[in-house]
Amino acid sequence: MDLLSPRPSVGQIKPYRPARPPRDGRRWIDLSLTHNPLGPSPLALDAYCEAATRIHCYPDWDQEPLRHAIARRHSIDVDHIVCTAGSEELIHLVAQAFAGPGDEVLCHERGYRGFLKAIRAAGATAVIAAERDMVVDVEALIDRASERTKICFLANPNNPTGTYIPADAVQRLRAGLPPHTLLVLDSAYADYCRLPDYSDGTEIVENSDNVMLIRTFSKMHGLAGLRVGWGYGPATVIEAVNAIRGTFNVSLPAQLTAAAALSDAEHEEATFAHNAQWLPWLSRELERVGLRVYPSVCNFVLARVPTDPSLGIQAVIDHLARRGILVKAVTEYGLSDCLRITVGREEENKALVVALAEILG
Ligand code: PMP
């Protein structure tokens, strides 16, 4: 018998190890992660360099300047914000604080896989509701809720499907869930979606006592490497997360750089405009070379590769790799014939389409 063993649910976790470009001296086009192709804002870079002179100091434990910057930018109450080392940390902290062994946590079928890891790390049981053609099915989520459901995670828009559900559907979900269930709205890609029927969930948080919003600086703000996320929610949730988070969980450069990024509206607009131009272009061109593209409101698309038995998806991935292009296989989502492709810079998008046309004919 092993003397030392983690909780059984921890044993079920398969660590996520994203593919990365081989260190072979070539300049890879990496469209496998959801990076901002324009990089970080110049104002953020300046703040980062300035912060470097102060890294002998501990960061602000209560994250005050950053929370104030977020509150100002989003017109929300500073006392209901908490910041974390990426939104992934916040997802884990919420799962740990609100669910444990014997509890159930709801997720959707193709929902962001970080939820499952956090649920298992907390020792709780994941209950997975079916989706409909890559779109969250609110009624299916409500049907799976029980008196043991402590949390319901909703990624809206979702990764890797790129699809979203409108604000009225989120309201229906909240109304249909039991009052003891915390609805967590993970709006990591909200900045890319300006459709009139979409909301990141701010108002629903303000009008309920069991809903929280999660956002990140990793996508639109181009700070994925810095690790900053934040949450906005009821006092009970913010207090619980503050109680269990590391005292200095968001580093000093991370706090100062993220705050500066929020003041660069120009960079945000440039990022939005770039995506608004190249997302439809990429979707159209991928369809033209034979892929089925799901409608995305994010900075990536999910595309089904034609299932010609003589040409498996691995052959497509290998061909792209020979051309120095990396895309993401999404087998962990049960989507063995799909790729998630991030919108890159103009030349990257064009190189991808040329390489795909070469192999798909
Ligand atoms: N939520 C969703 C939906 C995501 O796609 C990701 C990153 N892939 C995260 C949360 C975590 O992002 P980060 O930890 O970089 O904030």
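Remember, it's 1-based here, ligands and their atoms both numbered in the order they're listed.
In the model, Y333 has no side-chain atom that pairs as donor or acceptor with a side-chain atom of R340 under 3.5 Å. A donor-acceptor contact under 3.5 angstrom links the side chains of Y164 and D197, judged on distance only. When only modelled atom types and interatomic distance are considered, D60 and Q255 share no side-chain donor-acceptor pair under 3.5 Å.
Residue contacts with ligand 1, taken as heavy atom pairs separated by less than 4.0 Å, involve Y189 solely via side-chain atoms from C-beta onward. At a heavy-atom distance under 4.0 Å, only side-chain atoms of R227, from C-beta outward, approach ligand 1.
Set against the non-hydrogen atoms of S218, the atoms of ligand 1 under 4.0 Å away are 13 (P), 15 (O), 16 (O). Remark: ligand 1 atoms within the under-4.0 Å shell around heavy atoms of T216 are 13 (P), 16 (O). Residue G86 has at least one heavy-atom neighbour below 4.0 Å for each of these atoms of ligand 1: 14 (O), 16 (O).
What sits closest to atom 8 (N) of ligand 1 on the protein, heavy atoms only, is K219 NZ, 3.2 Å. Distance from atom 12 (O) of ligand 1 to its nearest protein heavy atom, with residue and atom name: S87 OG, 3.3 Å.
Under a hydrophobic-cluster definition in which Ile, Leu, Val, Met, Phe, Trp and Tyr are linked whenever side-chain heavy atoms come within less than 4.5 Å, directly or via other members, V170 and M212 are assigned to different clusters.
Residue contacts with ligand 1: Y112 is placed with no nitrogen or oxygen under 3.5 Å of a nitrogen or oxygen of the ligand (distance criterion only).
A donor-acceptor contact shorter than 3.5 Å is absent between the side chain of T181 and the backbone of L177. Checked by atom type and distance alone, the side chain of S263 pairs as donor or acceptor with a backbone atom of A260 at under 3.5 Å.
Nearest-heavy-atom check against atom 2 (C) of ligand 1 across D186, N159, L226 picks out D186.
Across all their heavy atoms, P306 and L360 have their closest contact at CG-CD2, 4.3 Å.
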